[in-house]
Every structure is written in C-alpha cells, then in structure tokens.
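Single-structure report; data block below.
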2 protein chains.
Amino acid sequence: MAVKQPLPAEPRRTVADEVYRALKRDIITLRRPPGAALTEHELAAAYGSSRVPVREACRRLQQEGLVTAIPYKGYFVNRISLREIADCFELRGVLETHAVDSAVRRASADGLARLQELAAIEYTYHDWSSYADFLERNQDFHIQLAGLGGNERLVAVLGDLLGSMQRFFFLGLDLGAFGPEMRREHERLVEALSSGSAAAAVACVQEQIASSRQRVQRALTRNGIDLPIQ
Amino acid sequence: MAVKQPLPAEPRRTVADEVYRALKRDIITLRRPPGAALTEHELAAAYGSSRVPVREACRRLQQEGLVTAIPYKGYFVNRISLREIADCFELRGVLETHAVDSAVRRASADGLARLQELAAIEYTYHDWSSYADFLERNQDFHIQLAGLGGNERLVAVLGDLLGSMQRFFFLGLDLGAFGPEMRREHERLVEALSSGSAAAAVACVQEQIASSRQRVQRALTRNGIDLPIQ
DNA sequence: ATCGGGAAGATTGTATACAATACGTATACA
DNA sequence: TGTATACGTATTGTATACAATCTTCCCGAT
C-alpha cells in the first residue's frame, strides 16, 4: 500500500509557478538581459496574469540570486560580474566535491544506473533550443550526482546555484562542439564512482568544473564581452 | 561624494518584513514547534496584518527551509529529524571550512578587528532572552567570519543555513554554562587567523562546529527528546 | 541662473473580495 | 451495512482596488 506522502517535488500547476518558470527561463537565456528593469505591471501583461503571481515569482527569483528588488522602485535582473562568476564556480566546486566524495561511499547501484542515463545527453549543432535543453539536462545530471551524496540540504542549495549559473553559458554562446567532450566527462565520472575510487571521482568532478569555467571564460573573451570586475 | 548605491542590507520596514522576522523568531524559538500547522488567516490575526504580507513571509521561510507549503492545504513548520541535523552540520562544516581557509589569505586588519568585537559575547545564566540574543550574536560572528573569505554567494547560503539551524539549539535548552567556552573558541579562532596559519584556523573552526554539534546531541539525549531518524 | 517646493505620475505595498481546490461528512442507494 | 456521490466548509490561489512611497519635472522665489 502506497503511503500518501506530501511530495515536495510535485508540479504545483499554479499561475505563480508558471510565471516563475517562464520568467526564470527568460532571464537564464538572456532574453531579459542583466541590468534589465522589470515592473510587476509589465510582467503581468507579458505573462498574462495579475500582479500577485508575478510578485511571488519575483520574490523567489530574488532569493535565488537572479533579480534584486528595490522597494517602491522595481525589480532588476542582476548584473553579471567577473567576481560573481568566480564566486559561483568556487562555491560549486566546494559543494560538488564534497557531494562526490560522499557519493563514493553511499551510492547505490540503482542511483548509479539513473546517473548513467542522465549522462547520455547530446545536442544538435547550431540548434539553439536543443542547446538550451542540453544545459537543462546537464544540470539534472549534476543534481542527481550530488543527490548520491545523501545530503538533501546540500542538493537544494546546489540546485539554486546551478540555476542561477545557467545564464553564464548563454553569454558568449556560439554552440561549439563540446557536447561529446562533456558526455565523455560524464561517463568517466560515472566509471570512477562505480569503481569506488574517491580520489579519482573527486579529481574528475573538479576537472569537469574547471573546464566548464574555462568554456565560459573563453566564450567571454572570444566575443569581446567586457564584464565589470565586481 | 557618496555614490547612491542600492544597499541590499538596508532594513525594509515593510509589514511583510516584520511578519517574516516575527514568524521566523517564533519558529526558531520553538513557540511554533516542528510539525505545527499554520494558516494564513490565523497568522494574519496573530501578527496584525492581512494575508498578503503573511503569504510573502511564509514563502520566504519555505525557501529557507523552515516551513513547507502544500497547495490549497496550508503551511507546516518543518519537523526536525536526526538526518536533517546531520545534513545541516555537515554542510555548515563544508562551507565554513572553505571560507576560513580563504579568509587566512584575504582577511584585512580591519575585518579581523570587527571579528574580534563580535567574538566578545556572553550571556547571563538562566536568562532566556539573553540566551536568544547570544545565539543571534554568535551567528553574526560566523557570518562575519565567512565574509572574510570574500565569497558573497557562500555567505548568503551560510546565512540561510545558520538561520534554520538556530532552533536546534532551543530543542534541549537548559542554559548551560558554555558561554565562556564558546567565547574562548572564538578568540582562539581570531588568533589563528591573525597568525596566518590556515591549518590552525581550519582545525579551529572544525573543532568548533564539532563541539556545537555535540552540545545539540547531548541536549537531545539529556532531555529525552526522540527525533525521527529522517 | 540656481535652488527649493510641490504636484503629478509611476511603482510597489497592503487590504479585501472572489475563485479554485481539497477534504471531511452526510446521505442516498444497493 | 458498505460504498459511492454530492455537498459544505476550510484553505489557499488570484484579481482588483486603494494606500504609501519614490522620482521627476516644473515653476516660482531668491
């Protein structure tokens, strides 16, 4: 008999939730660029709801670090600084490193199988929406990976962090061909986990984060994007 | 000429903010115990506002991990499990260890002075409100400490985490005499930072977190509090 | 010309009214 | 007596109206 438990992951299917997801997507994909001003009125019109759900969405995004609310003034999409990028990657490294280290000891065969599934993602070259999907799946992979470490609180924090880091990847986007490269990285990580070598797995994930950071860095310089230091 | 910058730390002085702080305090101090059901209507009556600010406060507390919202059902103060306590302390260890390690290299004399000030906190034995103040100051100390590491994002995450951990300390509260003990721990940490020894500082903070965890553990067993495993 | 004040517009903050949903309960029917 | 259905109540979800606050601009006084 299945026990009726309050699933926190169940889709909420409320207007507020839809506005939240739509607005978050638009911010991540830079359709609402860093520094853009948002008013509740305009957002309500854009997403076809009243101000109330918009308000809730904005507050959520503020706590996730994507927008800033200034009382009686409005909302602003947070600007991206080199400092913020550095901070986020650093924090991501700390969290994922620890999670992977724990995962080596705790991971179940079932969990590893699920991870393996998520590792097998690709995208079609020069297809923007396919690339956006790819990034989302990639995030799922890293969340599932962290979940194997068994610390739910850490997973929740990492989820918010990765969500707000997504837009970094859209900054200097040229749809390069690093899909296979990332896939190989993922599969090597699953291997290391399966073999039970903590050192190998940790090295693998750190290498992965470093190369992710390099991809962002290269894209910025290549496209001549000048970000404020802080 | 002072540049007018949007201070994110400025007090908002809105009704929603007051409800948020009041409700958070009541949850942390266990006046609203784990598992308690909250309705927007009752909360509005209790804190003298309408449902709108209450709603905003509840959503914030949900994202901080103190309550859970179930659509069309209500809000519930999150229960405390041994698993959650373990997860939180583990995450706290990861974050603070990293922050302190960075702080050794980056800390300014000014920042250290400010930290030293915050280290000098005490409380009067058997005075409940003094104890509550003490815990708040203690949190300020750890936030300032983490701030020296220079990663703002990490500090924000740690802030939420410490906030939701506060109520652990009220679970088996007997106002023991570990005030001087903690004060000494704080001062030793400041010393280690000043001397520039990363190893010593890291060891110090880890020891501190471990003893904090032990105090919670001991209080639970002493008062015969049986928490669910997870 | 410059500085101050005040009014108007824009925007968020709050309250209230109404709609949608979930859940318990009573009731009708087999 | 058991079960299914319909209804009533409680609660959140959403929309709208109004209040508080900030910004801007204009106009007048110095």
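- As rounded to whole Å, 16 Å separates atom P of D:dG13 from atom OH of A:Tyr20.
- A:Phe170 pairs by the ring pair (Phe, Tyr, Trp, His ring centres under 6.0 Å) definition with A:Trp128, not counting sequence neighbours.
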Table of protein N/O atoms under 3.5 Å from nucleotides 15-20 of chain D N/O atoms:
| residue | atom | partner | partner atom | Å |
| --- | --- | --- | --- | --- |
| D:dA15 | OP2 | A:Ser50 | N | 2.8 |
| D:dA15 | OP2 | A:Ser50 | OG | 2.6 |
| D:dA15 | O5' | A:Ser50 | OG | 3.4 |

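- In this structure, D:dT9 and C:dA22 make a Watson-Crick or G-U wobble pair, each of the two defining distances being under 3.5 angstrom.
- Within residues 35-42 of chain A, the residues that place at least one heavy atom under 4.0 Å from DNA chain C are, in residue-number order, A:Leu38, A:Thr39, A:Glu40.
- In this entry the distance linking CZ of B:Phe76 with C1' of D:dT12 reads 12 Å, nearest Å.
- Straight-line distance from the CD atom of B:Gln62 to the C1' atom of D:dT12: 13 Å, rounded to whole Å.
- Taking atom OH of residue A:Tyr75 and atom P of nucleotide C:dT12, one finds them 6 Å apart after rounding to whole Å.
- Counted by atom type alone, A:Tyr47 and A:Asp26 present one or more donor-acceptor pairs between their side chains at under 3.5 Å.
- Remark: A:Glu84 engages no residue in a side-chain hydrogen bond (donor to acceptor under 3.5 Å, both in side chains) (not counting sequence neighbours).
- Of the options A:Lys24, A:Gln62, A:Arg60, a side-chain contact (heavy atoms from CB on, under 4.5 Å) to A:Val67 is made by A:Gln62 and by none of the others.
- Listed for the B:Arg51 side chain is no donor-acceptor partner under 3.5 Å among the backbone atoms of B:His41.
- Distance B:Glu18 CD to C:dT14 C1': 13 Å, rounded to the nearest Å.
- Between B:Arg59 and D:dT12 there is no side-chain N or O to OP1 or OP2 distance below 4.0 Å.
- For the salt bridge (charged side-chain N to carboxylate O under 4.0 Å, His left out) test, residues two or more places apart in sequence or in another chain that qualify with B:Glu42 are B:Arg32.
- Pairs engaging residues 137-162 of chain B under the ring pair (Phe, Tyr, Trp, His ring centres under 6.0 Å) rule: B:Phe141-B:His186, B:His142-B:His186 [sequence neighbours left out].
- Nucleotide D:dT12 holds its P atom 8 Å from the CZ atom of B:Arg55, rounded to whole Å.
- Defined by atom type and a distance below 3.5 Å, a donor-acceptor pair is present between the side-chain atoms of B:Arg59 and B:Tyr75.
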Worksheet entry | salt bridge (charged side-chain N to carboxylate O under 4.0 Å, His left out) evaluation trace for B:Arg83 with B:Asp87 | CA-CA 6 Å; B:Arg83 168 72 169 279; B:Asp87 282 358; 3.6 Å; yes
